[in-house]
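Reviewing the structure listed below.
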Amino acid sequence: MTLSEGNQSSTLTFTLMGFSEYPEFRVPLFLVLLSIYTVTVVGNLGMIIIIKVNSKLHTIMYFFLSHLSFVDFCYSTVVTPKLLENLVVEDRTISFSGCIIQFCFTCSFGVTETFMLAAMAYDRFVAVCNPLLYSTTMSQKLCALLVGGSYTWGVVCSLTLTYFLLTLSYCKSSIMNNFICDHSVIISVSCSDPYIIQMVFFTIAIFNEVCSLMIILMSYILIFITVLKIPSASGRRKTFSTCASHLTAITIFHGTILFLYCVPNPKTSSLLVKVASVFYTVVIPMLNPLIYSLRNKDVKHTFKKLIVTKLLSYSLCYF
């Protein structure tokens, strides 16, 4: 049985297989992922609060970082709770509307993060290569446009792909061999010819990845050339250290994306694809605040100060 006009019908459900074929790992995997999600929520929301309360962090770089933390928090929250639920309950079904909504949000936040990291690379390029013109080049208006543009393009890509998914017909009940309503997984349970939407998805994905990587690569090539011109070794280390956290974040992010889309034979590597998907959707949002906070003295100092303040206020209230 197929549905074309009534894709949103409440009778249409999918089953997310997730890691159900490995029942012995369900409990430990649940505990690990719950711990990761807890760190993700605390880390990203904590980063936003720390940037808000510390006037030293009211800079352009941390303006971008606060939005990156917000995107990571939202992205993980869209995916992880459903994954955790499917690890502890026998009923792993998800409605068609729920699946489409999950895809729409994950696509939007995923694309937004892609271009947010590219905007941060451009910010580092201006800071290193044109430090005297940094304050005028990276104006508040430009920063707002870069951040707003990242969110807007993420929404445009998401709505475009969601629209095409809604034009397909689906079987009344289908099994998805994944833990998330990914674009390719949704297409795999469609009863329609997916050629057009696959081409649209391929075009958008290639455009986003090529454009963002070109901005990042060009920025860091110019940064590297500028750093090499610095006469002292300590000066080179100090200058490049300002980019190290961001370079680590984009390497992990884009490295995982390229791995997911370059697996030779997904049918024979379904577990590998699932593990990589978990890393991309669950682990990376946790890593970003850790990467930026562990290398920054101001962030660590503010964090310790907040913890001490909370403990003192709690002690005073208690006694």
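Just so you know, these numbers use all the heavy atoms, side chains as well, and skip hydrogens, waters and symmetry mates.
Using a 4.5 Å heavy-atom threshold, the side chains of Ser66 and Lys52 count as separate. At least one side-chain heavy atom of Tyr151 sits less than 4.5 Å from a side-chain heavy atom of Val71. Residues Ile284 and Thr256 form a side-chain contact, since some pair of their non-hydrogen atoms from C-beta on lies under 4.5 Å apart. Two residues are said to be in side-chain contact when any heavy atoms from C-beta on lie closer than 4.5 Å; Glu209 and Leu258 meet this criterion. Between Val282 and Leu83 there is a side-chain heavy-atom pair separated by less than 4.5 Å. Counting heavy atoms from C-beta on, the side chains of Phe14 and Tyr170 come closer than 4.5 Å. Counting only heavy atoms from C-beta outward, the side chains of Ile187 and Gln198 approach each other to under 4.5 Å. Between His254 and Ile216 the shortest side-chain heavy-atom distance falls below 4.5 Å.
The heavy-atom pair separating Ser219 from Phe125 by the smallest distance is CB-CB, 3.8 Å. Here the closest heavy-atom approach between residue Ile215 and residue Ala118 is recorded as CG2-O, 3.6 Å. Closest non-hydrogen pair, Cys157 versus Asn208, comes out as SG-ND2, 3.7 Å. Here the shortest heavy-atom pairing between Pro285 and Asn44 reads O-ND2, 2.9 Å. Counting all heavy atoms, side chain and backbone alike, Ser277 lies closest to Asn178 at OG-ND2, 4.5 Å. Of all non-hydrogen atoms in Gln102 and Val78, the two that sit nearest each other are NE2-O, 3.4 Å.
Heavy atoms of other residues, nucleotides or ligands lying less than 6.0 angstrom from CG of Leu45 number more than 12. Shown here is Glu24, whose CD atom has more than 12 heavy atoms of other residues, nucleotides or ligands within 6.0 Å.
Looking at Ile186, Leu165, Thr167 one by one, the single match for side chain to side chain contact (heavy atoms under 4.5 Å, CB included) with Ile197 turns out to be Leu165. Each of Ser150, Ser69, Cys143 was evaluated against Phe64; a single residue qualifies, Cys143, per the side chain to side chain contact (heavy atoms under 4.5 Å, CB included) test. Tested against Leu146 for a side chain to side chain contact (heavy atoms under 4.5 Å, CB included), the candidates His67, Met116, Lys141, Met138 yield a single pass: Met138.
Without hydrogens or angle criteria, Thr203 side chain to Met199 main chain gives a donor-acceptor distance under 3.5 Å. The backbone N or O of Ile51 lies less than 3.5 Å from a partner atom in the side chain of His58, making a donor-acceptor pair. Not one N or O on the side chain of Ser139 forms a donor-acceptor pair closer than 3.5 Å with the backbone of Ser135. Between the side chain of Ser190 and the backbone N or O of Ser192, at least one donor-acceptor pair lies under 3.5 Å.
In this structure, cysteines Cys181 and Cys99 have SG atoms closer than 2.5 angstrom.
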Using the side-chain contact (heavy atoms from CB on, under 4.5 Å) rule, take Phe73 and Thr40 through it: C-alpha gap first, then chi angles, then the decisive distance, then the call. CA-CA 7 Å; Phe73 165 73; Thr40 300; 5.7 Å; no

Yes or no on side chain to side chain donor-acceptor pair (under 3.5 Å) for Ser76 and Thr80, after CA distance, side-chain angles and deciding distance? CA-CA 6 Å; Ser76 181; Thr80 313; 3.1 Å; yes

For Val185 and Ile180, what are the C-alpha separation, side-chain angles and deciding distance, and is it a side-chain contact (heavy atoms from CB on, under 4.5 Å)? CA-CA 8 Å; Val185 177; Ile180 183 176; 5.8 Å; no

Go through Leu65 and Met61 one step at a time and tell me if the side-chain contact (heavy atoms from CB on, under 4.5 Å) criterion holds. CA-CA 6 Å; Leu65 183 56; Met61 182 180 75; 5.7 Å; no

Carefully, step by step, assess Met176 and Thr15 under the rule side-chain contact (heavy atoms from CB on, under 4.5 Å). CA-CA 6 Å; Met176 295 178 167; Thr15 301; over 6 Å; no

Stepwise, does the salt bridge (charged side-chain N to carboxylate O under 4.0 Å, His left out) test hold for Glu85 with Arg26? CA-CA 11 Å; Glu85 177 190 337; Arg26 287 173 64 179; over 6 Å; no

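Taking the six-membered ring for Trp and the full ring otherwise, Tyr75 and Phe105 have centroids separated by 6.0 Å or more.
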Side-chain donor-acceptor contacts of residues 31-39 below 3.5 Å, not counting sequence neighbours, with atom names and distances?
{"unit_1": "Ser35", "atom_1": "OG", "unit_2": "Leu31", "atom_2": "O", "d": "2.8"}
{"unit_1": "Tyr37", "atom_1": "OH", "unit_2": "Thr77", "atom_2": "OG1", "d": "3.1"}
{"unit_1": "Thr38", "atom_1": "OG1", "unit_2": "Leu34", "atom_2": "O", "d": "2.8"}

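Tracing side-chain contacts under 4.5 Å through hydrophobic residues (I, L, V, M, F, W, Y), one never reaches Leu222 starting from Leu132; they form parts of separate clusters. Val155 and Leu161 sit in two unconnected hydrophobic clusters of ILVMFWY residues. Membership requires side-chain heavy atoms under 4.5 Å apart, directly or through other members. A single hydrophobic cluster is seen to contain both Tyr163 and Leu168, as judged by linkage of ILVMFWY side chains at heavy-atom distances under 4.5 Å, directly or through other members. A single hydrophobic cluster is seen to contain both Val275 and Leu287, as judged by linkage of ILVMFWY side chains at heavy-atom distances under 4.5 Å, directly or through other members. The hydrophobic cluster containing Phe253 does not contain Leu217, counting ILVMFWY residues as joined when their side-chain heavy atoms lie under 4.5 angstrom apart, directly or transitively.
The side-chain hydrogen bond (donor to acceptor under 3.5 Å, both in side chains) pairs that include a residue from residues 118-129 are Asp123-Tyr134, where partners are two or more places apart or lie in different chains.
Grouping Ile, Leu, Val, Met, Phe, Trp and Tyr by side-chain contacts under 4.5 Å, direct or through others, leaves Leu213 on its own. Counting side-chain heavy-atom gaps under 4.5 Å among Ile, Leu, Val, Met, Phe, Trp and Tyr, the cluster of Phe207 also holds Val111, Phe115, Trp153, Val156.
Taken to the nearest 0.5 Å, the CD1 atom of Ile175 stands 11.0 Å off from the OG atom of Ser188. Here the CE-CD1 distance, from Met286 to Ile291, works out to 9.0 Å after rounding to the nearest 0.5 Å. With values rounded to the nearest 0.5 angstrom, Asp72 atom CG is found 9.5 Å from Ile48 atom CD1. One finds the OG1 atom of Thr248 at 6.5 Å from the CD1 atom of Ile252 (value rounded to the nearest 0.5 Å). For the atom pair Leu16 CG and Arg92 CZ, the distance stands at 9.5 Å (nearest 0.5 Å). Separation of atoms CD (Glu113) and CD1 (Ile250) is listed at 11.5 Å; rounding is to 0.5 Å.
Residues satisfying the ring-ring contact (aromatic ring centres under 6.0 Å, His included) test with Tyr220, not counting sequence neighbours, are His246. Every residue was checked against the ring-ring contact (aromatic ring centres under 6.0 Å, His included) condition with Phe70, not counting sequence neighbours, and none meets it.
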